Amino acid sequence: MAYSNPPDPKAYNAQVYEIVRQIPAGRVMTYGQIAAILLPPAGVDPATYAQLSPRWVGTAMAQCPDDVPWQRVINSQGQVSPRPGFGPTVQRKLLEQEGVVFDEHERVDLKRYGWRPREPDEPDAPQQPTLF
DNA sequence: GTTGTGACATCGC
DNA sequence: CGCGATGCCACAA
């Protein structure tokens, strides 16, 4: 396979962590969503960024800082990605503890729990997922 | 210096 | 709906 890295992985990671920190408990965000929110670094082709940014986010999350709720970041399929050494069950458990419900396929309803940061255009009444 | 390996998303069949 | 291929590079052993 092949991975790529942003010009400034550190800065990019910092932005990713910032976004992840803004995710409230009981909500989940996808890598692609985060990647889409973050602006592509200068000198990077938008098309290339579109394809590679998700991996950059994944790589950034792989660093797993202690102050970042990595558990609330899942893939676009609404499923938790298996982390080496921890097992997917742990993440599911953590999310369930926050009120996130998994279906039979171990997937999360992004329509309900998928959260996006308050955009300037949108009022701060994102969604009211019926917890419980 | 070479080899292998990395929390993803999207399109096509 | 599931599986496979493609996008691209840096770091560690």
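Below, chain A is the first sequence line, B the second, and so on; all start at residue 1. If you're wondering where the values come from, they're calculated on a predicted model, not measured in any experiment.
- Rounded to whole Å, the distance from CG on A:L52 to P on B:dA9 is 13 Å.
- For the pair A:Y49 OH and C:dC9 C1', the interatomic distance rounds to 16 Å; values are reported in whole Å.
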Show the numbers, then the answer: is there a ring pair (Phe, Tyr, Trp, His ring centres under 6.0 Å) between A:Y49 and A:W56? CA-CA 9 Å; A:Y49 176 82; A:W56 297 355; 5.4 Å; yes

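- Counted within 6.0 Å of CD on A:E96, heavy atoms from surrounding residues, nucleotides or ligands total more than 12; the atom is thus considered enclosed.
- For the pair A:N13 CG and C:dA10 P, the interatomic distance rounds to 14 Å; values are reported in whole Å.
- As rounded to whole Å, 22 Å separates atom P of C:dC9 from atom NZ of A:K10.
- Straight-line distance from the CD atom of A:Q63 to the C1' atom of C:dA10: 11 Å, rounded to whole Å.
- Taking atom CG of A:D45 as the reference point, atom C1' of C:dT6 lies 17 Å away to the nearest angstrom.
- Counting non-hydrogen atoms under 4.0 angstrom, A:W56 reaches nothing in the nucleic acid.
- Each side chain to side chain donor-acceptor pair (under 3.5 Å) pair with one or both residues in residues 65-74 of chain A, not counting sequence neighbours, appears once here: A:R21-A:D67, A:Q71-A:E98, A:R72-A:E98.
- If you take CG on A:D8 and CG on A:N13, they are separated by 10.0 Å, rounding to the nearest 0.5 Å.
- The side chain of A:N5 lies closest to C:dA10 when the candidates are B:dA9, C:dA10, C:dC8.
- Taking only side-chain atoms of A:S4, from C-beta outward, the nucleotide of B:dA9, C:dG7, C:dC9 with the closest atom is C:dC9.
- Regarding A:Y31, its OH atom lies at a distance of 14 Å from the P atom of B:dT10, rounded to whole Å.
- Here B:dG6 presents its C1' atom at 16 Å from CG of A:N75, a figure rounded to the nearest Å.
- For A:S76, taking side-chain heavy atoms from C-beta onward, the closest of the listed nucleotides C:dA10, C:dC9, B:dA9 is B:dA9.
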